[in-house]
Amino acid sequence: MFRVVSQAGRVLLRGSQLQPLTLCNTQAQRYVSSGLPINTVILFVPQQEAWVVERMGRFHRILEPGLNVLIPVLDRIRYVQSLKEIVINVPEQSAVSLDNVTLQIDGVLYLRILDPYKASYGVEDPEYAVTQLAQTTMRSELGKLTLDKVFRERESLNTNIVDAINQASDYWGIKCLRYEIKDIHVPPIVKEAMQMQVEAERRKRAMVLESEGTRESAINVAEGQKQSQILASEAERVERINKAAGEANAILAKAKARGEAIKMLAQALTQQNGNAAASLTVAEQYVSAFSNLAKESNTILLPSNTGDITSMVAQAMGIYGKLTQQ
């Protein structure tokens, strides 16, 4: 977190415990044994750095990048803070999930100093404090999740860790920008169990898909048979309707033809020699009917004078005459 930088921009020290270094140029004379820049009245602060100045042992001000003037002896540069984004590797640690599985997990922390005053006087070692806070927060958040959710909700886990760190580091003038989990290691036995679970899930999905395919096929077959029966019944109904309509039309046609025939016969009977024509027709029908006897049944009822055609015709004409007189 702490860095001592020369005016030429070369990093000399980094860390909270600064030790003296042996420099190979004349600028080494500007640093005392503590490793911090000494007060040479005129100082040039590099960009993205903040130098905390104390006057007679109390905080005085923070030097901004560029030209700065200090009072000798009274003013002293006490801390040098870098305002750049800092990357910290969080060491691997063990944590126990909600379902009592021990995990080995590590991560990367990205943070930035927003308030050099708080970072200098609010905590002894900001980098160490943030690292420890990230580790404890990670263990706490992992203890709230089961093993399956740890892998599925990795993004939300990172967000929760960042929020927890920012709540505590606000008093240190530090803001955690993001936290990324690098690797999650599980015990070999748990890994084998997870592989078996994945294979079982795949087999289950395959069986479900196969059963759904069979069900859809049976539904399609039943639906096809249903539609086929509906179409067949519709065709049969239409056929019956058409047949009935045809028979009705045939009956009407026959009745109409018979009516026309009767009308023509009536007109013919009123003409001259109509009775003779009717007698001839009756005689012809009698002979035709007599020729068909015993063709469809062995039981026959015959009149006593079967061979007397003249009497039969006279009898038929007599019946006809009585009907016309009525």
Side-chain angles (χ1 to χ4, degrees), residues 1-91 108-137 161-179:
M1 293 294 296
F2 293 97
R3 296 202 309 168
V4 178
V5 184
S6 66
Q7 291 182 354
R10 187 159 57 89
V11 178
L12 303 178
L13 286 177
R14 180 175 179 177
S16 58
Q17 297 178 353
L18 302 178
Q19 301 295 333
L21 293 178
T22 303
L23 304 181
C24 300
N25 50 40
T26 57
Q27 293 181 354
Q29 303 298 326
R30 310 186 64 153
Y31 293 87
V32 295
S33 60
S34 63
L36 294 171
I38 62 175
N39 184 1
T40 57
V41 182
I42 298 175
L43 297 175
F44 296 94
V45 179
Q47 183 67 31
Q48 289 297 96
E49 286 193 4
W51 292 8
V52 180
V53 176
E54 292 181 353
R55 175 167 292 178
M56 292 182 294
R58 296 184 59 184
F59 171 76
H60 175 54
R61 68 188 180 98
I62 298 175
L63 301 183
E64 301 294 335
L67 176 64
N68 293 271
V69 179
L70 299 179
I71 300 176
V73 182
L74 299 181
D75 294 339
R76 177 189 176 191
I77 301 172
R78 186 67 178 85
Y79 298 100
V80 175
Q81 303 286 2
S82 174
L83 303 181
K84 298 178 182 179
E85 185 173 338
I86 302 172
V87 182
I88 302 175
N89 286 321
V90 180
V108 181
L109 188 63
Y110 300 85
L111 52 87
R112 176 177 292 169
I113 295 177
L114 301 181
D115 190 340
Y117 175 82
K118 291 182 179 181
S120 301
Y121 297 100
V123 63
E124 179 66 25
D125 190 342
E127 181 175 344
Y128 177 76
V130 171
T131 302
Q132 294 299 312
L133 180 59
Q135 289 181 327
T136 55
T137 305
I161 293 175
V162 170
D163 293 340
I165 292 175
N166 285 331
Q167 290 179 3
S169 62
D170 182 62
Y171 299 98
W172 305 336
I174 300 173
K175 181 179 180 180
C176 179
L177 302 179
R178 58 191 178 276
Y179 180 86

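The shortest side-chain heavy-atom distance between Pro46 and Trp51 falls under the 4.5 Å cut-off. By the 4.5 Å heavy-atom criterion applied to side chains, Val123 and Ser169 are not counted as neighbours. Side-chain atoms of Cys176 and Leu109, non-hydrogen and from C-beta on, do get closer than 4.5 Å to each other. Residues Arg78 and His60 have side chains not in contact (no heavy-atom distance under 4.5 Å, counting atoms from C-beta outward).
With values rounded to the nearest 0.5 angstrom, Ile174 atom CD1 is found 9.0 Å from Leu114 atom CG. Atoms CD and CD1, on Glu127 and Ile86 in that order, are 7.0 Å from each other to the nearest 0.5 Å. Once rounded to the nearest 0.5 Å, the distance linking OG1 of Thr137 with CD1 of Ile165 reads 5.5 Å. Atom CH2 of Trp172 sits about 5.0 Å away from atom CG of Leu133, to the nearest 0.5 Å. Taken to the nearest 0.5 Å, the CG atom of Leu74 stands 13.0 Å off from the CD atom of Glu54. Atom-to-atom distance recorded for Glu49:CD and Leu83:CG is 8.0 Å, nearest 0.5 angstrom.
The number of heavy-atom neighbours closer than 6.0 Å to CZ of Phe59, taken from other residues, nucleotides and ligands shown, is above 12. Atom NZ of Lys175 is surrounded by 12 or fewer heavy atoms from other residues, nucleotides or ligands within 6.0 Å.
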Return a table of donor-acceptor pairs under 3.5 angstrom between the side chains of residues 63-71 and protein atoms on other chains or two or more places apart.
from  : atom 1 : to    : atom 2 : distance (Å)
Asn68 : ND2    : Glu64 : O      : 2.8
Asn68 : ND2    : Gly66 : O      : 3.0

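Formation of a donor-acceptor pair under 3.5 Å by the Asn166 side chain with backbone atoms of Val162 is found in this model.
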